[in-house]
Amino acid sequence: MGELSAADRILAAIRAIPRGQVAGYGEVARRAGLPGRARMVARLLSENPDPRLPWHRVLRSDGHIAFPEGSKGRAEQTRRLRAEGVWVENGRVRGIKAAATIDEQIWGMPPD
DNA sequence: CGCATGACGAAAT
DNA sequence: AATTTCGCCATGC
């Protein structure tokens, strides 16, 4: 039977992040069965050609967007996340821990 | 093989 | 809480 490559498992883990939610690079790596390989996740994303991949849902472990301030990527990622109802402020996603508020559980989206 | 690079992480400061 | 330091992993030269 065909074994999935590490890259395929990482991509699958990224695609598995639900809309409106986020995950850290290292977190994605662990979910793909590759603990300690956050940088591999980052490398794959940097070279990913698939526009369908929800790359914007992947952040640093501290909730920060990896792209530098003022960069196009930072702006685009912020835009995409907000479009899914994620609260982003100063290149930082809030609610990493308290991700599930009552409203999110009921409406699948944080309150206005 | 050694060294630099990078969409990283955890701990120390 | 923000930065710096150091560790890790995959690649490319």
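So you know, we letter chains A, B, ... as the sequences are listed, proteins then strands, and number each from 1. Just so you know, these numbers come straight off a predicted model, no measurement behind them. As a basis for the values below, the full set of heavy atoms in this structure was taken, side chains included, without hydrogen atoms, waters or symmetry mates.
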- Query: Does OP1 or OP2 of dG6(B) have a side-chain N or O of S46(A) closer than 4.0 Å?
  - Reply: no
In numerical order, the residues of residues 72-82 of chain A whose heavy atoms come under 4.0 Å of DNA chain B are none
Rounded to whole Å, CD1 of I10(A) lies from C1' of dA7(B) at a distance of 13 Å
Note: for Y25(A) and R30(A) on DNA chain B, the residue whose nearest nucleotide lies more 5' is Y25(A)
To the nearest angstrom, the CZ-P distance between R43(A) and dA7(B) comes to 12 Å
- prompt: Is the backbone N or O of P18(A) less than 3.5 Å from a side-chain atom of E84(A), with the two atoms forming a donor-acceptor pair by type?
  reply: no
* State whether the number of non-hydrogen atoms from other residues, nucleotides or ligands found under 6.0 Å of E3(A) atom CD is greater than 12. => no
In D50(A), L44(A), L45(A), the residue satisfying side chain to side chain contact (heavy atoms under 4.5 Å, CB included) with W55(A) is L45(A)
* Between R31(A) and E27(A), is there a salt bridge with N-O shorter than 4.0 Å? -> yes
(request) Give a yes or no answer on whether the side chain of R94(A) reaches the backbone of W87(A) with a donor-acceptor pair at less than 3.5 Å. (result) no
Item to complete: Would you indicate whether the side-chain heavy atoms of V41(A) and L34(A) approach each other to under 4.5 Å?
Response: no
From CG of L44(A) across to P of dT5(B) the rounded distance in Å is 21 Å
- Item | Over 12 foreign heavy atoms within 6.0 Å of CD, E47(A) | yes
Atom CD of E27(A) and atom C1' of dC8(B) are separated, to the nearest Å, by 13 Å
D50(A) CG to dA7(B) C1', in whole Å, measures 16 Å
Tested for side chain to side chain contact (heavy atoms under 4.5 Å, CB included) against T78(A), the lone hit among V86(A), V88(A), V93(A) is V88(A)
Rounded to the nearest 0.5 angstrom, the CD-CZ distance for Q77(A) and R82(A) is 11.5 Å
What is the nucleic acid contact for R39(A), judged by heavy atoms within less than 4.0 Å: base, sugar-phosphate only, or nothing?
base
Annotated structure of DNA chain B as dot-bracket, pair cut-off 3.5 Å, Watson-Crick or G-U only, | for inter-strand, is .|||||.||||||
Bounded by its outermost nucleotides with an atom under 4.0 Å from a heavy atom of chain A, the footprint on DNA chain C reads dG7(C) to dT11(C)
* Asked: Does R80(A) use its side chain to pair, donor to acceptor, with the backbone of R57(A) at less than 3.5 Å?
  -> no
Rounded to whole Å, the CZ-C1' distance (R60(A) to dC8(B)) equals 8 Å
Whole-Å distance, D62(A) CG to dG9(B) C1', equals 9 Å
- Query: Would you say R9(A)'s side chain and A32(A)'s backbone share a donor-acceptor pair under 3.5 angstrom?
  - Reply: yes
Rounding to an integer number of angstrom, what distance separates dC9(C) and dA11(B) when you compare their P atoms? 16 Å
